[in-house]
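Just below is one structure, and these are the notes that go with it.
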Amino acid sequence: MDNLKAIVEGIVFVSESPVGLKKLKGILKDVEGKEIIKALDDLVEEYDKRNGALCLVEVAGGFQFRTKDNFSPWIRKLTDIKPVAISQAAMETLAVVAYKQPVMKAEIEKVRGVDVSGTLKGLLKRNLIRMIGRKDVPGRPIIYGTTKKFLEVFSLKDLSELPTLRELKELGE
Amino acid sequence: MGYEIKLDIFQGPLDLLLYLIKKNEIDIYNIPIAVITEQYLEYIDVMKSLNLDVAGEYLVMASTLIHIKSKLLLPVHDDTEDEEDPREELTRQLLEYQAFKEAALNLDTMNLLGRDVFKGGYLVGSETDGEHSLEELSIFELVEAFKVMVSRINPGEIMEIDVERMSLSERMNEIMERLNKEKALTFNDLLGGLSDRIKIIYTFLAILELMKLRVIKAYQSKPFGTIRIFLAVED
């Protein structure tokens, strides 16, 4: 398929959420995965070379067109854009969930030293974390983890891309 | 119920302690408990004098500090040489909190979608994005909807001859089965077609019970709008 790159470009452009390889394979049935990957790589490079406002990035297990970060001052001036803001308290709770998942509320509270009901609720509402299930211990507490939306919002390909947590030095060395 | 501290400078007692440690250039592995406790209590007094609600967590930490201080003052018996330093647990907690505080700051420096980088159709997408603009419902709004549903039954039309035995868990299972199949149901789907008062009541109780167990969630996009019910746990 000689216009493969253009087709991939179109699909990714229109899609609401990041488009994964699996989805592209489902649409482009007779094209080999290798070729699709090549088309995506070429597109990433093309947009990079073009030096425009857009770039094609790999996030949350798929590809997405986005504006580059240095254009945010202008884009935010568009009417009605309320920039995403996450309070420090919410960010701390989110960090604990992200690094310790699957994690219970009590564990988060132990790390932060404060009640986290409010921040947990807010993060759930914003779809950055979700309930994964319940732990099989007395009281069956809910366990939490991050969502795909979390990866998308924080521009991460997957959880392994999280910056490494500073090693907790063992006491009494 | 805990009350929240309105002073937003510190994210809790651990944050305040870290601040004091930094301010005094103290070695976190060797905290002079007496000094820190004194300063910590001073801060709490200041908060109180500013008429700020001091959250319970701050007071718990104050008592922990005093407890550690008193333990350090007690003479150590020879045979308990191996006993651990009473400060050790606190130091471990502080180090862990510090690591996550740093991680939170790191996360904040990432390119955030909607703040630093934007995707196409962001204006339309973000705010009116169907699913996320749904407000989670409390029990009260559900009860309101239930009242409307029951009031629709015309009592004259119904003649009950045999009261069918119904079990709550049966209705709960039915709802869960339907939800697993259909992913989302409206309040009407579940209760609308029913004319049997007892069945309506049981179905409603089953919904409340499932909400209490947090396996389902109810949402509404606007007051008096359609109530939608989803599974709370995906997969």
Side-chain angles (χ1 to χ4, degrees), chain A residues 13-14 16 54-55 57 59 64-69 71-72 75-76 78-89 91-96 98-100 110-115 117-118 124-127 130-134 142 152-156 162-163 165-169 171-172, chain B residues 1-2 4-5 8 11-17 29 55-58 60-61 84-85 88 91-123 125-127 129 131-132 135-136 213-215 232-235:
Chain A
F13 172 75
V14 172
E16 165 80 12
L54 299 182
C55 53
V57 287
V59 285
Q64 190 173 59
F65 281 114
R66 296 176 162 197
T67 58
K68 290 176 188 164
D69 59 345
F71 294 95
S72 61
I75 290 162
R76 277 193 222 135
L78 261 169
T79 44
D80 293 344
I81 281 203
K82 287 182 226 122
V84 166
I86 300 173
S87 70
Q88 196 189 331
M91 204 60 109
E92 284 183 11
T93 299
L94 184 58
V96 181
Y99 285 94
K100 288 195 121 165
K110 188 148 181 274
V111 173
R112 289 201 54 219
V114 291
D115 176 67
S117 316
L124 281 169
K125 205 165 180 178
R126 297 172 80 157
N127 207 9
R130 67 189 184 98
M131 299 179 203
I132 302 179
R134 285 172 179 279
I142 299 169
E152 193 188 341
V153 168
F154 283 85
S155 312
L156 299 163
L162 277 172
L165 196 62
R166 182 144 66 122
E167 290 290 314
L168 301 175
K169 268 195 232 159
L171 286 174
Chain B
M1 238 202 327
E4 236 167 273
I5 184 147
D8 248 1
Q11 298 294 335
L14 292 172
D15 201 21
L16 173 54
L17 278 178
Y29 293 96
E57 296 118 3
Y58 284 87
V60 171
M61 180 56 80
E84 67 170 35
D85 189 330
E88 198 172 304
T91 304
R92 200 198 51 71
Q93 237 181 315
L94 283 169
L95 285 172
E96 189 175 28
Y97 174 67
Q98 187 175 260
F100 281 103
K101 193 178 147 90
E102 261 181 36
L105 289 174
N106 280 338
L107 278 182
D108 204 28
T109 61
M110 321 255 336
N111 273 336
L112 247 68
L113 187 66
R115 185 186 72 184
D116 310 307
V117 294
F118 298 85
K119 61 178 177 178
Y122 182 77
L123 280 175
S126 60
E127 290 308 315
D129 194 343
E131 186 182 352
H132 305 150
E135 287 289 319
E136 200 176 331
L213 292 169
R214 295 189 194 229
V215 286
V233 182
E234 287 164 39
D235 315 326

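In the text below, chain A, chain B and the rest are named by the order of the sequence lines, each starting its count at 1.
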>> I need the B:Arg115 CZ to A:Asp69 CG distance, nearest 0.5 Å.
In response: 10.0 Å
>> To the closest 0.5 Å, what do you measure between CG (B:Leu105) and CD (A:Gln88)?
In response: 6.5 Å
Closest approach of [X] to [Y] (non-hydrogen atoms, all atoms of both residues):
| X | Y | result |
| --- | --- | --- |
| A:Ile75 | B:Phe118 | CG2-CD1, 3.5 Å |
| A:Pro163 | B:Asn106 | CG-CB, 4.2 Å |
| A:Tyr99 | B:Ala103 | CE1-CB, 3.6 Å |
| B:Phe100 | A:Leu165 | CZ-CD2, 3.7 Å |
| B:Val117 | A:Ser155 | CG2-OG, 4.3 Å |

> Under a 4.5 Å heavy-atom cut-off, does chain B meet the side chain of A:Phe154, its backbone, both or neither?
Replying inline: both
> Using non-hydrogen atoms only, which part of A:Glu152 is less than 4.5 Å away from chain B: side chain, backbone, both, or neither?
Replying inline: both
> For the candidates A:Ser117, A:Ala85, A:Ala98, A:Ala89, which exhibits the highest count of non-hydrogen atom pairs separated by less than 4.5 Å from chain B?
Replying inline: A:Ala89
> In terms of heavy-atom pairs under 4.5 Å, which option from A:Glu92, A:Lys110, A:Lys100 contacts chain B the most?
Replying inline: A:Glu92
Check: [Y] and [X] side chains under 4.5 Å, non-hydrogen atoms:
| X | Y | answer |
| --- | --- | --- |
| A:Arg134 | B:Arg214 | yes |
| B:Leu107 | A:Leu162 | yes |
| B:Asn111 | A:Arg66 | no |
| B:Glu57 | A:Asp115 | yes |
| A:Ile86 | B:Leu112 | yes |

>> Given heavy-atom pairs under 4.5 angstrom as the criterion, report whether the side chain, backbone, both or neither of B:Leu17 touches chain A.
In response: neither
>> Apply salt bridge (charged side-chain N to carboxylate O under 4.0 Å, His left out) to residues A:Arg76 and B:Asp116 and explain how you reach the verdict.
In response: CA-CA 9 Å; A:Arg76 277 193 222 135; B:Asp116 310 307; 3.7 Å; yes
